[in-house]
Amino acid sequence: MYRTHNCGELNLNNKDSKVTLSGWVQKVRLLGGMNFIDLRDRYGITQVTCNQDINNEIFELSKQLGREFVIQIEGIVKERSSKNNNIPTGEIEIEATHLKIINSSKTPPFTIEEKTDGGEDIRMKYRYLDLRRKPLQEKIILRSKMSAEIRSYLTNQDFLEIETPFLIKSTPEGARDFVVPSRMNENEFYALPQSPQTFKQLLMVSGYDKYFQIVRCFRDEDLRADRQPEFTQLDCEMSFVDQESILNTFEGLMKHMFQKFLNVNLNDFPRMTYEDAMAKYGSDKPDTRFNMQFVELNEQLKNKGFVVFDKAELVVGINAEGCSSYSRKQLDKLTDFVKKPQVGAQGLVYIKYNEDGTFKSSVDKFFNSEQLQEIAKLFNAKPGDLMLVLAGNKDKTRKALNELRLEMGSILNLRDPKVFSPLWVIDFPLLEHDEETDKWHAMHHPFTSPKKEDIHLLDTAPEQVKANAYDLVVNGVEIGGGSIRIHERELQQKMFSALGFTEQEAEEQFGFLLGAFEYGAPPHGGIAFGFDRWAALFSGVESIRDCIAFPKNNSGRDVMLNAPASINNEQLKELNLSLASEN
Ligand code: ASP
C-alpha cells in the first residue's frame, strides 16, 4: 500500500496513529540531528521528521533527498512543538519509522512553491512542474468542480450531454478554420469546429429538446492577449423556447454557480439594449460595476465657435467625480492616454468644476461659465468634479471614451474584483457592414433569427434589422452569447442571400441544414459560455491561461511539445501534401 492518508488530511485527531504517506519532497531542512521534510501532494503539505536519535538509518537516508524526490514515509503522528496555523496539517508532524525513495528527481528548473522564481517561458516549457504548484492546482481543481456542478445542474433540468464531431466541415463563426487533411480522400480537408453550432441545431431538429456540452472549439484567429486557438465552451440549445426562457434558464445557472463557488447571491440580472450600451458606455460589454455613463453634448457644445466640436459628428463626455483638483501633469497623462493609437482620440477637453463653484476648462475661450454650468448640470456634476469630453466621428469617439472611462474606473479603484455586476445585453443588430469589402456580415452568426417585426427590412434597410441575440457580460467581460435561431428554410435562405451567398453557394455549404429545416424543425435557440474565461473569473485571475492545464503561448505555440512542428516527407506524401516551397 502506497499510503493510508494523503498529505493534507492529518491533524491532532490522528495523534499517535501509525500512518503511511507518499508524495513529493518540497523542502528538506537539516537542523542538528534532525531532518525536516515538507512532503507535498495535491491535498496539502505534511511535515515529516527524521530524528537521528530515534532512527539513525532513516536520518542518514533522508540526507540524500533532494527537491521533488518521490518518497514513501511510514511513521507516527506527533503533536508539533512549534505549530503552523497557516495550514490544516500545521499542528502535527510525522515521526518517520520508515523511508523509501520511490523515484529521484533532477533539481527542478524553478522552485515549486506558492511563489516561484521561474519566469513565464521556463514555466510553460516545464508546465507539468508548474502544475504541481498550489496556485495553479487550485485553479485546475476549481475548474473541474465547476464543470461537475454545471453537469449536475443542467442534467437535473433534463438537459442531455451529447458529443458532436471534431472533424467536420467549416462552421462560420467569423474566424478562420483550422483544417485537417484527409488521407483517405485525396486533396480534401476537414475543418475543426469553431463551435458545434449547426450540430446542436440539428439535435433540436432530431427532437432532443435540451442539449449541452462542455466542448473544445477551434478558431484560427490572430491571437490577442487573452485568446487561445483552442478553448472550451459550455454550449447549450433548447427547443420550443423564446428568448425569455433562455435568459431565465441560464441566469438561474449563473446565480447557482456564483452562490455555490463564490458565496455571492446575485439579484436579477439587469438588461440593456445594444443601442443603449453603445450610447451610454461606448461598448457592447460595459463594465457596470461603476456608473460614469456617457453624456452626449452635441446640442450644447456644437456651433459655439470651437472648430473641433463644430466639425464633430459626436461630442460626448464622462464625469470623473472628485477629480477637479487634477494637476496639469495628471491631465496631460490622460490626454496622452486618449491619443494612443489603440484609443485613437485626437485630444481631450476637460472642464473642472472647482470646489469653490467656479469653472476652469481647456475651452474657456469658447464657453463662458454660464454655459459650463449648464453642461455641468447635464453631467449631474457637483463642485469637485472633473468632466472629460471627446469629439469626432461617432463610433470612434464612443470607442475612445469607453477606454477612457475604463481607465478612470481603474485609476479611481471603481473596478473591485470582488464585486460582480452581470448584465444581459440584448437586441443586437442582425448584421454589420464591413467597409473594406462592402459586404454585410452576421453580427452573431448566420443562423441567428431576425426579430419578426424587422424581417421586412432585410432587403431595404438591413442595418436596421435587430436580432433575437443576447450576450451575458460580467464586469465588462463577455462570458456568453447566443440567439434564437432561424428554423425555416425560406428565412434561412433569405439570410444567406443578405450575406451575399448565391443560392448555389448556400446549398453547397449549408444544404444539410436547409434540408433539415424541411423536415419539421422546431423553434429553438441557445447560448454558449466561454468556460475558460468563466473559470478565470471565478478564480479571480485575468488570464484564461492560468485556468487551462496545457495552454498555448501568445504565438499559438505549445512550447512544451514544441508544436506546431513540421512533419516528415513520408507523412506529407501520404496526405498528398507538398511544401509550398517545393511546388
Ligand atoms: N455558437 C455560438 C458561439 O460560439 C453561440 C450560440 O449562438 O449559441 O458564439
Side-chain angles (χ1 to χ4, degrees), residues 150 154 159-166 168-178 191-205 208-221 226-239 241-243 245-251 253-254 274 284-285 424-432 441-451 466-474 477-487 492 495 499 509-510 513 521-534 544:
I150 289 170
L154 290 178
F159 279 83
L160 300 173
E161 183 171 13
I162 305 176
E163 287 166 88
T164 52
F166 279 171
I168 65 163
K169 209 161 104 174
S170 169
T171 43
E173 299 264 359
R176 273 189 210 96
D177 288 319
F178 281 102
L192 300 180
Q194 293 185 32
S195 86
Q197 184 61 37
T198 48
F199 291 102
K200 65 173 171 175
Q201 292 192 237
L202 292 173
L203 287 170
M204 295 304 106
V205 177
Y208 286 92
D209 201 59
K210 288 174 164 184
Y211 142 97
F212 83 100
Q213 187 180 189
I214 297 177
V215 62
R216 201 67 52 80
C217 302
F218 306 85
R219 297 187 188 175
D220 188 3
E221 290 175 297
D226 207 23
R227 286 262 169 96
Q228 287 280 315
E230 51 177 308
F231 60 96
T232 304
Q233 281 189 346
L234 165 61
D235 191 45
C236 311
E237 197 77 5
M238 301 165 81
S239 291
V241 285
D242 51 17
Q243 172 166 315
S245 6
I246 295 190
L247 299 194
N248 288 333
T249 302
F250 292 98
E251 187 167 320
L253 168 68
M254 272 288 155
Y274 171 86
D284 60 2
K285 39 176 186 290
W424 288 111
V425 178
I426 57 173
D427 296 351
F428 275 80
L430 183 71
L431 302 163
E432 67 189 332
H441 288 302
M443 189 133 177
H444 188 46
H445 51 55
F447 317 109
T448 293
S449 153
K451 285 195 182 285
K466 297 265 185 309
N468 284 313
Y470 32 79
D471 274 358
L472 179 65
V473 176
V474 179
V477 178
E478 184 198 323
I479 290 291
S483 59
I484 296 296
R485 328 297 183 188
I486 298 170
H487 65 281
Q492 187 64 69
M495 178 69 178
L499 296 172
Q509 276 199 51
F510 301 109
L513 189 68
H524 60 285
I527 191 164
F529 298 89
F531 186 58
D532 309 295
R533 200 155 282 166
W534 189 354
I544 61 172

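Note that ligands are numbered from 1 as they come in the structure, with each ligand's atoms numbered from 1 the same way. Note that the numbering runs from 1 along the sequence shown for the chain.
Of all the heavy atoms of E237, none lies under 4.0 Å from any atom of ligand 1, so neither backbone nor side chain is involved. Only the backbone of I527 comes within 4.0 Å of ligand 1, counting heavy atoms alone; no side-chain atom from C-beta on gets that close. Contacts between S195 and ligand 1 below 4.0 angstrom, taking non-hydrogen atoms only, involve the side chain exclusively. At a 4.0 Å heavy-atom cut-off, ligand 1 touches R219 through the side chain alone.
Residue K285 qualifies as open at atom NZ: its count of foreign heavy atoms under 6.0 Å is 12 or below. Residue Y208 places its OH atom among 12 or fewer non-hydrogen atoms of other residues, nucleotides or ligands, all under 6.0 Å distant.
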For this session: Before giving the answer on side chain to side chain contact (heavy atoms under 4.5 Å, CB included), spell out for H487 and M204 the whole-Å C-alpha distance, their side-chain angles and the decisive distance to 0.1 Å.
Result: CA-CA 10 Å; H487 65 281; M204 295 304 106; over 6 Å; no
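Between Q194 and ligand 1, no N or O atom pair is found at a separation short of 3.5 Å. Considering backbone and side-chain N/O atoms, R485 comes within less than 3.5 Å of an N/O atom of ligand 1.
The main-chain N or O of S483 is found under 3.5 Å from a side-chain atom of Y470 such that the two form a donor-acceptor pair. The closest donor-acceptor contact from the side chain of Q233 to the backbone of C217 lies at 3.5 Å or more, if one exists at all.
Using a 4.0 Å cut-off to heavy atoms of K200, the atoms of ligand 1 that qualify are 6 (C), 8 (O). Every atom of ligand 1 is numbered from 1 in the order shown, and the set under 4.0 Å from a heavy atom of Q233 is 3 (C), 4 (O). Near G482, meaning under 4.0 Å from any of its heavy atoms, are these atoms of ligand 1: 6 (C), 7 (O). For ligand 1 and G481, the ligand atoms under 4.0 Å from any heavy atom of the residue are 5 (C), 6 (C), 8 (O).
Applying the ring-ring contact (aromatic ring centres under 6.0 Å, His included) criterion to F529, with sequence neighbours excluded, gives F250, W534. For Y274, the ring-ring contact (aromatic ring centres under 6.0 Å, His included) partners at least two apart in sequence or on another chain are F428.
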